[in-house]
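Computation of the quantities below employed the complete heavy-atom set of this structure, encompassing side-chain atoms and omitting hydrogens, waters and symmetry-equivalent molecules.
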Amino acid sequence: MKSPWRALLLTCAGALALAGPGAAQPLGLPPLPAPPAALVALGKQLFFERRLSINETLSCAMCHVPAQGFTVNELKTSVGMEGISLRRNAPTLLNVAYVRKLFVDGRAASLEAQALQPIVHPDELAHPDMASAMRRLAALPEYKAPFRRAFGSARPTPARVAAALAAYERTLLAGDSPFDRWHYGKQADALGEQARRGFALFVQHGCAQCHPIGTRDALFSDGLFHNTGVQARSDAQRGSGASFTLVPGLQASFDHDTLRRIGVPDLPDLGRYEVTRRERDKRAFRTPGLRNVALTAPYMHDGSFDTLEAVIDFYAGGGWPGDARQDPRIQPFRLAPEERSALVEFLVALTSPAARSTDP
């Protein structure tokens, strides 16, 4: 992302207000019970534990980097075991406590169910089974006391690991944004004129249909699954060349024939259909929340948009009309350059400004 506010936001990323046990509920977010402190502490330790992967190289935090909005800003899609490219972008974990169907296809019904899947996924932490992962943890003496404090027993089990990871992730609450202080806190000077104009445009152009704003709080997601045309667009563009960032500031471009010769084919992605097998769910993905969205580039389930400006332009252009299953609510609309800037300012104003570092 090359917008002028990018450097400032990256600086703030390490200072998001994350609510540990006993912390006040951030303004703009629905109330949640605080998980036990011992369980959260164990979950945090496990979240950063590379030895939880089969070859002791990967941890949860390597795809969900705290200083990058609990995602990875440099990569369109995640990098897995032994450098393999995964097919989806790593979604932020900020405010994941409120997500009811986990993964962008909704295949996990709870954070506990989600937490275990990467451990045994062959391209992620890559244990052959949960028993292998539990043996690894049981052999690490530094985990005996944390497990005992959390569960009264030093023995790791899949259910205990899942409960601990989920408890830590439920503390990653990031609200109290400038928008919250203006909209919910009634602080007239909390939001600038440009961002207020962007909010009006957000509502005017129907964005709030899928990213709703409640009277007391807002998650900026309906939690449902929609085909926005993004996957069909990505599929259509695979026949062309592509540019890749080798290091910051240095890009290399490859034509289609070169990519086919040196790369591996992209795996197909049918989204929610892979879970439900319903035709209407083909290429549908869960609506992401927009809180802290300025920190979590690149965007969409496949990381195919680098900037917020590119996302706005995509929707203003009507998405990808070539996909017959695209949500009919996505229609083109006129947007002047200064209006696009205002929308971006509004989205930036959804960023938690907080003070406490997220570093381990």
**Student:** About how many Å separate CD of E274 and CG of D269, when rounded to the nearest 0.5 Å?
**Tutor:**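 Output value for this atom pair is 5.0 Å.
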**Student:** Name all residues meeting the side chain to side chain contact (heavy atoms under 4.5 Å, CB included) criterion together with F333; count only those two or more places apart in sequence or in a different chain, and write none if there are none.
**Tutor:** H205, A316, L335
**Student:** OG1/T171 to NZ/K44 distance, rounded to the nearest 0.5 angstrom?
**Tutor:**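 The distance works out to 8.0 Å.
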**Student:** By side chain to side chain contact (heavy atoms under 4.5 Å, CB included), which residues pair with C210, not counting sequence neighbours?
**Tutor:**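 Partners of C210 by the side chain to side chain contact (heavy atoms under 4.5 Å, CB included) criterion, ordered by chain and then number, come out as D222, H226, T287, R329.
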**Student:** Among all residues two or more places apart in sequence or in another chain, which pass the side chain to side chain contact (heavy atoms under 4.5 Å, CB included) test with A138?
**Tutor:**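 Only P156 meet the side chain to side chain contact (heavy atoms under 4.5 Å, CB included) criterion with A138.
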**Student:** What residue pairs, at least two apart or across chains, pass side chain to side chain donor-acceptor pair (under 3.5 Å) with a residue in residues 182-202?
**Tutor:** R197-E339
**Student:** Is the backbone N or O of H301 less than 3.5 Å from a side-chain atom of Q231, with the two atoms forming a donor-acceptor pair by type?
**Tutor:** no
**Student:** Considering only residues two or more places apart or on different chains, which pairs with a residue in residues 96-105 satisfy side chain to side chain donor-acceptor pair (under 3.5 Å)?
**Tutor:**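 Sorted pair list: Q25-Y98, R88-D105, D105-R107.
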**Student:** So does P268 get a backbone contact from the side chain of R87, meaning a donor-acceptor N/O pair under 3.5 Å?
**Tutor:**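 Looks like yes, one N/O pair under 3.5 Å.
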**Student:** Using a 3.5 Å cut-off and no angle test, enumerate the donor-acceptor pairs between side-chain atoms of residues 128-135 and protein atoms at least two apart in sequence or in another chain.
**Tutor:**
unit_1 : atom_1 : unit_2 : atom_2 : d
D129   : OD1    : A131   : N      : 3.3
D129   : OD1    : S132   : N      : 2.8
S132   : OG     : H127   : ND1    : 2.8

**Student:** Does the R136 side chain pair with the main chain of I54, one donor and one acceptor, at a distance under 3.5 Å?
**Tutor:**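 Yes.
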**Student:** I'd like to know if the side chain of Y299 reaches the main chain of V293, judged simply by a donor and an acceptor atom lying under 3.5 Å from each other, with no hydrogens or angles considered.
**Tutor:** yes
**Student:** Could you walk me through whether L42 and Y143 pass the side-chain contact (heavy atoms from CB on, under 4.5 Å) check?
**Tutor:** CA-CA 8 Å; L42 173 59; Y143 277 96; 3.9 Å; yes
**Student:** Membership question, hydrophobic clusters at under 4.5 Å side-chain separation (ILVMFWY): are Y168 and L140 in the same one?
**Tutor:**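 The answer is yes; both residues are in one hydrophobic cluster.
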**Student:** Let me confirm one number: the CG-CG distance from D313 to L308, rounded to the nearest 0.5 Å.
**Tutor:** 11.0 Å
**Student:** Which atoms form the tightest heavy-atom contact between S352 and A174, and what is the distance?
**Tutor:** OG-C, 2.9 Å
**Student:** When Ile, Leu, Val, Met, Phe, Trp and Tyr are grouped by side-chain heavy atoms lying under 4.5 Å apart, directly or through other members, which residues fall in the same group as V275?
**Tutor:**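 Once heavy-atom contacts under 4.5 Å are chained together, V275 still belongs with nothing else.
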**Student:** Look at the side chain of N227 and the backbone N and O of K282, then say whether any donor-acceptor pair between them is shorter than 3.5 Å.
**Tutor:**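 The answer is yes, because a donor-acceptor pair under 3.5 Å joins these two groups.
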**Student:** Tell me, please, which residues at least two apart from F305 pass ring pair (Phe, Tyr, Trp, His ring centres under 6.0 Å).
**Tutor:** F314
**Student:** Supply the members, apart from L224, of the Ile/Leu/Val/Met/Phe/Trp/Tyr cluster built from side-chain contacts under 4.5 Å; use none for a lone residue.
**Tutor:** none
**Student:** Quick one: CZ on R340 to CG on L201, what's the gap to the nearest 0.5 Å?
**Tutor:** 13.0 Å
**Student:** How is the hydrophobic cluster of Y273 composed, in terms of its other members, when Ile, Leu, Val, Met, Phe, Trp and Tyr link through side-chain heavy atoms under 4.5 Å apart, directly or indirectly?
**Tutor:** L270
**Student:** Tell me whether V72 is reachable from L58 by hopping between hydrophobic residues (I, L, V, M, F, W, Y) whose side-chain heavy atoms are closer than 4.5 Å.
**Tutor:** no
**Student:** Say whether L75 and I84 are linked into one hydrophobic cluster, either directly or through other cluster members, by side-chain heavy-atom distances under 4.5 angstrom.
**Tutor:**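 Hydrophobic grouping puts L75 apart from I84.
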**Student:** Just so I know, are the side chains of R325 and D281 near enough to count as touching, which here means a heavy-atom distance under 4.5 Å?
**Tutor:**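 Sidechains of D281 and R325: no contact.
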**Student:** Could you check whether any side-chain heavy atom of D217 comes within less than 4.5 Å of a side-chain heavy atom of L27, counting everything from C-beta outward?
**Tutor:**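 Answer no - side chains too far apart.
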**Student:** Taking the side chain as every heavy atom from C-beta outward, state whether C60 and E169 have any atom pair closer than 4.5 Å.
**Tutor:**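 The answer is no, as the side chains (C-beta and beyond) never meet within the 4.5 Å cut-off.
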**Student:** Apply side-chain contact (heavy atoms from CB on, under 4.5 Å) to the pair N292 and T351, showing each step before the final yes or no.
**Tutor:** CA-CA 4 Å; N292 308 294; T351 305; 4.1 Å; yes
**Student:** Inspect the contact between R51 and E142 and indicate whether a charged nitrogen and a carboxylate oxygen are less than 4.0 angstrom apart.
**Tutor:** yes
**Student:** Among all residues two or more places apart in sequence or in another chain, which pass the side chain to side chain contact (heavy atoms under 4.5 Å, CB included) test with A90?
**Tutor:** C63, H64, T71, S78
**Student:** Is it true that a side-chain atom of R160 and a backbone atom of R155 form a donor plus acceptor pair closer than 3.5 Å?
**Tutor:** yes
**Student:** Kindly indicate whether the side chain of M300, heavy atoms from C-beta on, has any atom under 4.5 Å from the side chain of V311.
**Tutor:** yes
**Student:** Is there a path of hydrophobic side-chain contacts, each under 4.5 Å between heavy atoms of I/L/V/M/F/W/Y residues, joining F285 to L219?
**Tutor:**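 No, L219 does not connect to F285 through the hydrophobic network.
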**Student:** With a 4.5 Å limit on heavy-atom distance, are the side chains of Q114 and F103 in contact?
**Tutor:** yes
**Student:** If I compare all heavy atoms of K76 with all of P298, which pair ends up nearest, and what's the gap?
**Tutor:** CA-CG, 3.7 Å
**Student:** Should the heavy atoms of other residues, nucleotides or ligands under 6.0 Å from CZ of R278 be counted, would the total exceed 12?
**Tutor:** yes
**Student:** Considering only heavy atoms from C-beta outward, does the side chain of F70 approach that of L295 to under 4.5 Å?
**Tutor:** no
**Student:** Hey, does Q117 have a side-chain heavy atom less than 4.5 Å from the side chain of L102?
**Tutor:** no
**Student:** Drop me the distance from E56's CD to R50's CZ, to the nearest 0.5 angstrom.
**Tutor:** 11.0 Å
**Student:** Within the distance-only criterion (no hydrogens, no angle test), does the side chain of R291 pair as donor or acceptor with the backbone N or O of L173 below 3.5 angstrom?
**Tutor:**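 No, because the side chain of R291 does not come within donor-acceptor range (under 3.5 Å) of the backbone of L173.
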**Student:** Roughly how far apart are L165 CG and R170 CZ, rounded to 0.5 Å?
**Tutor:**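 Here the rounded value is 11.0 Å.
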**Student:** What is the minimum heavy-atom distance between A349 and L191, and which atoms define it?
**Tutor:** CB-CD1, 3.4 Å
**Student:** Count I, L, V, M, F, W, Y as connected when their side-chain heavy atoms are under 4.5 Å apart, and connections chain through other members. Are L116 and M81 then in the same cluster?
**Tutor:**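 Same cluster.
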**Student:** Apply side-chain contact (heavy atoms from CB on, under 4.5 Å) to the pair F202 and L290, showing each step before the final yes or no.
**Tutor:** CA-CA 12 Å; F202 183 85; L290 297 181; 3.6 Å; yes
**Student:** Evaluate the side-chain proximity of D176 to R181: yes if any heavy-atom separation is below 4.5 Å, no if none is.
**Tutor:**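 In short, these two side chains touch, coming nearer than 4.5 Å.
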**Student:** Tell me, please, which residues at least two apart from S177 pass side-chain hydrogen bond (donor to acceptor under 3.5 Å, both in side chains).
**Tutor:** D180
**Student:** For the residue pair G198 and L343, what are the closest heavy atoms and their distance?
**Tutor:**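 It is O-CD2, 3.4 Å.
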**Student:** Using every non-hydrogen atom in the two residues, find where V40 and A167 come nearest and quote the distance to one decimal.
**Tutor:**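 Distance-wise, the nearest heavy atoms are CG2-O, 3.8 Å.
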**Student:** Tell me the closest heavy-atom pair linking A297 and D306, and the distance in Å.
**Tutor:** CB-O, 3.6 Å
**Student:** State yes or no: are the ring centers of F179 and F220 separated by less than 6.0 Å?
**Tutor:**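 So the answer is yes for these two rings.
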